[in-house]
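A note on names: the letters A, B, ... follow the listed sequences, proteins ahead of strands, and every chain is numbered from 1.
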Amino acid sequence: MKPAPETPPEPRNFFQDVYEVVRLIPPGRVTSYGTIAHYLGSRRGARTVGYAMLAAHADDSVPAHRVLNRLGHLTGRLHFATPTAMQEALEAEGIKVEDDRVVDFDKLFWDPAVELG
DNA sequence: CATCTGACAGACG
DNA sequence: TCGTCTGCCAGAT
């Protein structure tokens, strides 16, 4: 048995975990920060998920444009290359966006806890 | 080394 | 019903 002086119960990389889940979001579908946080075990860690998305910019394989807040608003659109990049990326997948909000957000919602098991 | 901020969400008065 | 505060985690100053 190792003393594990600096090893928390589960040192899982939150960011890395977030990236994997986001990568699993199928085209034409969307999810929310809170849902991902909840799926990862941090119920109130939605904020950190948003922060992870910010860092995800360095990774093209992470479709950050499919992650919105719980209201279906494009909260992170200002963080993209251009203010309209996020909306255009969504529309390119067949998702309608009106007034910075995803239309039929409920129907397009993708819940990892349900879709993945 | 201490403090604040940030792409959120839920609880409380 | 609305406004305000706390919780979460990592990075920046």
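- With both ends at atom P, the span from B:dT3 to C:dT6 equals 16 Å, rounded to whole Å.
- Of the candidates B:dC8, B:dG10, C:dC9, C:dC9 carries the atom nearest the A:Ser42 side chain, counting heavy atoms from C-beta on.
- Residue contacts for A:Arg77: at a heavy-atom cut-off of 4.0 Å it reaches no nucleic acid atom on any strand shown.
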### Task
Please test A:Arg70 against A:Ser32 for side chain to side chain donor-acceptor pair (under 3.5 Å), starting from the C-alpha separation and ending with a verdict.
CA-CA 5 Å; A:Arg70 75 184 184 96; A:Ser32 71; over 6 Å; no
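- When all heavy atoms of A:Leu90 and A:Arg66 are compared, the closest pair comes out as CD2-CA, 4.3 Å.
- Listed candidates were B:dA9, C:dC9, B:dA11. Nearest to the side chain of A:Thr48 is C:dC9.
- Looking at the side chain of A:Tyr33, the nearest of the listed nucleotides B:dA11, B:dA7, C:dC9 is B:dA7.
- As rounded to whole Å, 13 Å separates atom C1' of B:dA7 from atom CG of A:Asp100.
- To the nearest 0.5 Å, atoms CD (A:Glu88) and CZ (A:Arg77) are separated by 12.5 Å.
- Residues from residues 57-74 of chain A lying near DNA chain B, meaning a heavy-atom separation below 4.0 Å, are A:His57, A:Ala64, A:Asn69, A:Arg70 in numerical order.
- In summary, A:Arg29 and A:Glu93 do not engage in a salt bridge, as defined by a charged side-chain N under 4.0 Å from a carboxylate O.
- Rounded to whole angstrom, the span from the CG atom of A:Asp17 across to the P atom of C:dC9 amounts to 13 Å.
- Rounded to whole angstrom, the span from the CD1 atom of A:Ile36 across to the P atom of B:dA9 amounts to 10 Å.
- Of the listed nucleotides (B:dA7, B:dG6, B:dA11), B:dG6 has the atom at the smallest distance from the side chain of A:Tyr51.
- The base of C:dG7 sits within donor-acceptor range of the side chain of A:Arg47, with an N or O pair under 3.5 Å.
- Annotation: B:dC4 and C:dC5 have their P atoms spaced 15 Å apart (nearest Å).
- With distances taken from any side-chain atom of A:Phe14 to the nucleotides C:dC9, B:dA11, B:dC8, the minimum falls on C:dC9.
- We find that CE of A:Met53 is positioned 14 Å from C1' of B:dG6, with the value rounded to whole Å.
- For the pair A:Lys96 and A:Asp104, the salt-bridge criterion is not met [side-chain N within less than 4.0 Å of a carboxylate O].
- Centroid-to-centroid, the aromatic rings of A:Phe105 and A:His73 stay 6.0 Å apart or farther.
- Judged by distance alone, with hydrogens and angles left aside, the side-chain atoms of A:Thr31 form a donor-acceptor pair with the main-chain N or O of A:Trp110 at under 3.5 Å.
- A straight line from NE2 of A:His79 to C1' of B:dT5 spans 12 Å, rounded to a whole angstrom.
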